[in-house]
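Below is one structure; the comments refer to it alone.
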Amino acid sequence: MSDLRSVLGEALGEAFARAGLAASFGRVTASDRPDLADFQCNGALAAAKAAGRNPRELGQQVADALASDSRLEAVALAGPGFINLKVSTGALSARAAEIAADPRAGAALVDAPRRVLIDYGGPNVAKAMHVGHLRSSIIGEAVKRLYRLRGDEVIGDAHFGDWGFQMGLLIIAVFDEHPDIAARLGPLETDPAGFSDADRAAVDALLSAKIGLDDLDRLYPAAAARAKAEPPYRDRARRATAELQEGRFGYRLLWRHFHDVTRAALERDFHALGVDFDSWKGESDVNDLIGPMVEALRKKGLLVADEGAQIVRVAREGDKREVPPLLVVSSEGSAMYGTTDLATILDRRHTFDPALALYVVDQRQADHFETVFRAAELAGYARAGELEHVGFGTMNGPDGKPFKTREGGILKLRDLIEMTTAKARERLHEAGLGGALEPQAFEDTALKVAVATLKFADLSNFRGTSYVFDLERFSSFEGKTGPYLLYQAVRVKSLLRKAEEDGAAPGPIAIAEPAERELALALDGFEHALAEAYEKKAPHFVAEHAYRLAQTFSKFYAACPILTAPQAVRGSRLTLAAAALRQLQTALDVLGIATPERM
RNA sequence: GACCCCGUAGCUCAACCGGAUAGAGCAUCCGCCUUCUAAGCGGACGGUUGCAGGUUCGAGUCCUGCCGGGGUCGCCA
């Protein structure tokens, strides 16, 4: 089961090989000139250059070798040596039938599945998610689904930021605000003996009643600001952080509550966005690994003292810039975020043991990851190429700067979703869509439209570039938008429902009309879009395909009546329509976009 | 200052190891609903790919320089 492009590429590769040239010259691409051909091969030009031969002559030789191929209706040499291929109607019908019968809608599996870990989302304790988390979550989720669809064993890890200085800050902030909590937990130092289940339940009840995510979200920024301005306050927080990490029991209880209450709220928010993690391992989980790891680094001679800190030098001969060392232990003796990252790599090596770990994190941290990855290689925790930073640009406001609210604050993700959902309701009403739906179904549709709006807008751009958030444009039902794609999917669903009511059954595919031909070729292009997206960790190739497919279908829908066609034609077109729907939904599912039944 | 990314139609973006006539969407204009969801489809208009050189039969793509924008440059993550 392969796409036409690959199959034809193999045939051409053989022809090149018979001519004594590398089979890789047979690489086939979609035609630049759809008026002339379906596919083309430019290999004769490069091969002729390499072999010192005439490109047209060589191209003709290769073309002649394919002249009798029954899958091809025409093989023609054009221009300086392009080989143009037009697929026969029979082969195209057969390929379309194959895709229609495929539960995977034409998506192939990789030859050698790997274990892949995707590190994305990056939520933190006590911090409600804001727009800064949006891209990592959306892109990471899409990459995870893409790799899984292609057959890899994939774990999506939220890499929960649940450790470090901000925990100390929160502890003292909560103690200051709630003397009763301070009185109950403050004295509990190291000995949990005598702390009964009933005591634990009482503490849990106390904390649940008094401290919610909103409180943490309010306390944290205030405490962080105060620590910056008041060294004594900062020092208290540092001490609390150190005591927490050393295991002070009362602090651990409080910390556990921070952790649990945040995670529950975040999971809900993420889920509403269609983002679900397989693992919520946090920075705290590797805390106990850090001590031994530091020792091991020292023994290996990698750790050196510098300016009062302990560092691992990672600069290499031939570096164009000065690559800073990894700061493992600060001059105050504490672990840095790079330390935690390194320990996390070690932990993953011991547990999931991924062949590839992808870090879906803001592009601005590229240098940091370069340093960490080099240190991991030096320490023997990973080999070159096993760790990769999948960076992305920022989502900007109309001013071209990272998105802020009108007041200049950071927009919470929940508010962004609510804003987009409100716009979706408005647009649905404007369009007179969804009027027949029950209120609950309407809300469900509005949320799906909102998620499609946000995600498609993000994923249709190459991840590396920044983009300007423009709700008016993104939420439009016209053009290259999420809502347009949902609309197309819903139209097909409606059509198929109607066909079923009429008792019209799908039948064998027989490509005849140009619009059918185009649709079949679009369906065939799915696999290549997936492969491209997979290789480059760039979901926009899938988004691009989804859009092209929807548009090609719409053209077909307009040009080819289905329910009113003669039975055989109707059967063929119904099968094509069902295949298009399944593939569109599969593509949208990779992007993390769900389609409603009606709108 | 050093290094990295970006600069493509009026606007927002694509362009598959260097290939034919650089493609979409929005906006503007012209057509198409007694027919399956017209929030659709077809067509038109729109380009010195930031500038200047170089390599090549061929450059948006590779190399050099310059201009403009963004980012990063150890004890916050």
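All figures in this text were calculated on a predicted structure; none of them were measured in a lab. So that the names make sense, note that chain A is the first sequence line, chain B the second, and so on, each numbered from 1.
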* **Interface residues of residues 75-83 of chain A with RNA chain B (non-hydrogen, below 4.0 angstrom)** =>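 Within this stretch, A78(A), F82(A) sit under 4.0 Å of the strand.
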* For residues 455-466 of chain A, which residues have at least one heavy atom under 4.0 Å from RNA chain B? ->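 The answer is N461(A), F462(A), T465(A), S466(A).
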* Which residue pairs satisfy the salt bridge (charged side-chain N to carboxylate O under 4.0 Å, His left out) criterion with at least one member in residues 538-551 of chain A, sequence neighbours excluded? ->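 Counting only pairs at least two positions apart or across chains, the salt bridge (charged side-chain N to carboxylate O under 4.0 Å, His left out) contacts touching residues 538-551 of chain A are K480(A)-E544(A).
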* Any pair counted as salt bridge (charged side-chain N to carboxylate O under 4.0 Å, His left out), so long as it reaches residues 485-497 of chain A, sequence neighbours left out -> K493(A)-E597(A)
* Is RNA chain B part of any stem, that is, at least 3 consecutive Watson-Crick or G-U pairs with both distances under 3.5 Å, and where? ->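 If one scans RNA chain B for consecutive Watson-Crick or G-U pairs, the stems found are B:1-7 with B:67-73, B:10-13 with B:23-26, B:28-32 with B:40-44, B:50-54 with B:62-66.
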* Could you pull out all residues at least two apart from T445(A) that satisfy side chain to side chain contact (heavy atoms under 4.5 Å, CB included)? =>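 Partners of T445(A) by the side chain to side chain contact (heavy atoms under 4.5 Å, CB included) criterion, ordered by chain and then number, come out as L428(A), L437(A), V449(A), P596(A), M599(A).
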* To do: Please identify each residue that fulfils side chain to side chain contact (heavy atoms under 4.5 Å, CB included) with A533(A), with sequence neighbours left out.
  =>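 With sequence neighbours excluded, A533(A) shows a side chain to side chain contact (heavy atoms under 4.5 Å, CB included) to L146(A), F541(A), V542(A), given in chain and number order.
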Return all side-chain donor-acceptor pairs below 3.5 angstrom for residues 36-45 of chain A, not counting sequence neighbours, or 'none' if the list is empty.
unit_1	atom_1	unit_2	atom_2	d
D38(A)	OD1	R517(A)	NH2	3.4
D38(A)	OD2	V87(A)	N	2.8
D38(A)	OD2	R517(A)	NH2	2.5
Q40(A)	NE2	D32(A)	OD2	3.1

* Could you run down nucleotides 22-31 of chain B 5' to 3' and tag each one B, S or - for protein heavy-atom contact under 4.0 Å? -> --SSS-----
Interface polar pairs with nucleotides 45-50 of chain B, N/O, under 3.5 angstrom:
none

* Sequence neighbours left out, what passes ring pair (Phe, Tyr, Trp, His ring centres under 6.0 Å) with Y484(A)? Give chain and number order. =>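 For Y484(A), the residues satisfying ring pair (Phe, Tyr, Trp, His ring centres under 6.0 Å) (neighbours in sequence not counted) are Y547(A).
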* Asked: With sugar-phosphate meaning primed atoms plus P, OP1 and OP2, does L428(A) contact a base, only sugar-phosphate, or nothing at under 4.0 Å between heavy atoms?
  ->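 Since a base atom lies under 4.0 Å of L428(A), the category is base.
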* Within this structure, what is the NZ-to-C1' distance between K555(A) and rC32(B), rounded to whole angstrom? -> 15 Å
* **Results of salt bridge (Lys or Arg N to Asp or Glu O under 4.0 Å) for R135(A) - residues two or more places apart only** =>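 By the salt bridge (Lys or Arg N to Asp or Glu O under 4.0 Å) rule, R135(A) matches D458(A).
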